[in-house]
Visitor: 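The structure is given below, and queries will be raised subsequently.
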Amino acid sequence: MTDSPADATPYEVLGVPATADDDTLRRAYRRAARESHPDLGGDAQRFRRVQVAWERIGTPSARRAYDAGTLRAGSSSAPSGSAAWRSDTGRDAYAPPSARRDSRPRARSYGHPGGRSREVFLAAEREWVGLGDPIEDPYDPALVRSAPRHVRRLLGEALAEEATAAIIAEMGIGVTVWHDLDAGAEGKLDHAVLTPTGLWALESIDWGGPVAVEHGEVVGETLGPGEQPVKELVRAARAVQKQTRVRFTGRVLVVPDSAVDEDVRLVGTPRKPTAFIVRRSALGQVLSGVWSPEGSVDVFAVRDRLQQTVRFV
């Protein structure tokens, strides 16, 4: 369990409502710990999530801090490659990133990373709270954590896109990225990244849990009904490709480090990969030349073509 809003809350992990009294909470923890304990035939990963949940809300003081939207940054449960975690623990953990303050050369960037996902999240949050009711601070951690998981996941997607954008920005001026590209009936493509090694179609996703690959598709307990991330990425990339008439070198699903066990996972065959699943911490290295030799694309021609034809949502 990380600090991503897409993750199950400690209450959800223990299987109790947030209004449960202390005795009910304690009984739920003991039951969950017993059922998940590896020595009793349980799952070690689930057992760890139960322990982290209890660390978060197992004492009155910890529970008050969690319910109020405060967490201890740098605690044993701090995430690795989480979409949402930042060094602060207040509203700024979920709020849009502030403008850069340094003058280091960064990748050329067009569009608004995470912008459409935040709009969808804010609309869903307003509907959940009640249409017409004002929301003083939509990014208040206590409010976000009390929202249904499908609402929290929308914010998790925005944070995932922003985290990817931050990594690409640090790759330098030789890289160009377009965010939130219009993919017509397929919705949008999160990022198109042009490097000397190729033009890459990227989707940034946070399911709030581990995933695996089966029969050429991503699967996991936290995916929505009918969700097919690989097929959706392929369709969105094809729509943008048809619109711009610029061919993508490859397609990438960027996920939190905690979602998969490998830095890079191929979907399809080595000769004809459908997509790659890449841990966020490995993204910069992967885009820098692991798959294609430098100079494999005409960067100036591709950049000029995209600038003339790309549309944003």
Side-chain angles (χ1 to χ4, degrees), residues 1-12 18 66-71 79 81-86 88-99 109 111-168 178-183 186-191 202-209 211 218 220 222-229 232-233 236 253-256 258-259 280 312-313:
M1 186 170 64
T2 69
D3 290 334
S4 165
D7 291 338
T9 67
Y11 297 105
E12 291 168 341
Y66 178 85
D67 290 344
T70 57
L71 285 173
S82 165
W85 187 84
R86 298 176 189 169
D88 51 72
T89 55
R91 74 174 301 277
D92 288 342
Y94 297 146
S98 56
S109 178
H112 187 182
R116 174 53 64 89
S117 294
R118 282 191 179 273
E119 290 177 359
V120 175
F121 159 71
L122 292 171
E125 186 184 45
R126 284 193 295 269
E127 183 176 355
W128 164 65
V129 170
L131 292 176
D133 292 341
I135 301 178
E136 183 177 346
D137 182 1
Y139 299 115
D140 174 66
L143 177 64
V144 171
R145 291 170 191 163
S146 65
R149 194 170 186 179
H150 74 275
V151 175
R152 303 198 311 269
R153 186 179 155 182
L154 294 171
L155 177 56
E157 290 180 2
L159 291 164
E161 293 170 34
E162 291 163 2
T164 294
I167 292 171
I168 295 171
W178 295 262
H179 303 288
D180 273 4
L181 291 80
D182 184 0
E186 303 302 333
K188 74 181 181 76
L189 179 66
D190 290 347
H191 325 271
L202 271 62
E203 287 285 321
S204 302
I205 306 181
D206 185 356
W207 295 283
V211 297
V218 173
T222 53
L223 270 70
E227 190 172 359
Q228 298 178 306
E232 291 163 11
L233 168 57
L253 287 169
V254 187
V255 303
S258 56
R280 187 174 301 124
F312 301 100
V313 295

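Count residues from 1 along the sequence.
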Visitor: Do R145 and Y11 have a side chain donor and acceptor closer than 3.5 Å?
Guide: no
Visitor: Identify the two heavy atoms, one from D180 and one from G115, that lie closest to each other, and give their separation to 0.1 Å.
Guide: OD2-N, 3.6 Å
Visitor: Less than 4.5 Å apart, any side-chain heavy atom of S146 and any of W128?
Guide: yes
Visitor: Could you pull out the closest heavy-atom pair between L159 and A93, with the gap in Å?
Guide: CD2-O, 4.0 Å
Visitor: From H179 NE2 over to I168 CD1, what is the distance, rounded to the nearest 0.5 angstrom?
Guide: 6.0 Å
Visitor: Are the side chain of E232 and the backbone N or O of Q228 linked by a donor-acceptor pair below 3.5 Å?
Guide: yes
Visitor: Tell me the closest heavy-atom pair linking F121 and P138, and the distance in Å.
Guide: CZ-O, 4.0 Å
Visitor: Drop me the distance from T164's OG1 to E203's CD, to the nearest 0.5 angstrom.
Guide: 10.0 Å
Visitor: Atom CG in L233, atom CD1 in I205: separation rounded to 0.5 Å?
Guide: 7.5 Å
Visitor: I need the E157 CD to D206 CG distance, nearest 0.5 Å.
Guide: 8.5 Å
Visitor: Which atom names give the shortest non-hydrogen contact between G209 and D7, and what distance separates them?
Guide: N-OD1, 4.2 Å
Visitor: Which pair of heavy atoms, one from E162 and one from P113, lies closest together, and at what distance?
Guide: CG-O, 3.7 Å
Visitor: Using atom types as modelled and distance alone, determine if a side-chain donor or acceptor of R116 lies under 3.5 Å from a backbone N or O of D190.
Guide: no
Visitor: Do the side chains of L189 and W178 get nearer than 4.5 Å, heavy atoms only?
Guide: no
Visitor: Identify whether the distance between the nearest side-chain nitrogen and carboxylate oxygen of K188 and E119 falls below 4.0 Å.
Guide: no
Visitor: I'd like to know if the side chain of E161 and the backbone of G114 have a donor-acceptor N/O pair within less than 3.5 Å.
Guide: yes
Visitor: Any sub-3.5 Å donor-acceptor pair from T222's side-chain atoms to W207's backbone N or O?
Guide: yes
Visitor: Under 4.5 Å between any side-chain heavy atoms of D137 and L143, yes or no?
Guide: no
Visitor: So which heavy atom on V144 is nearest to which on R152, and how close?
Guide: O-CD, 3.1 Å
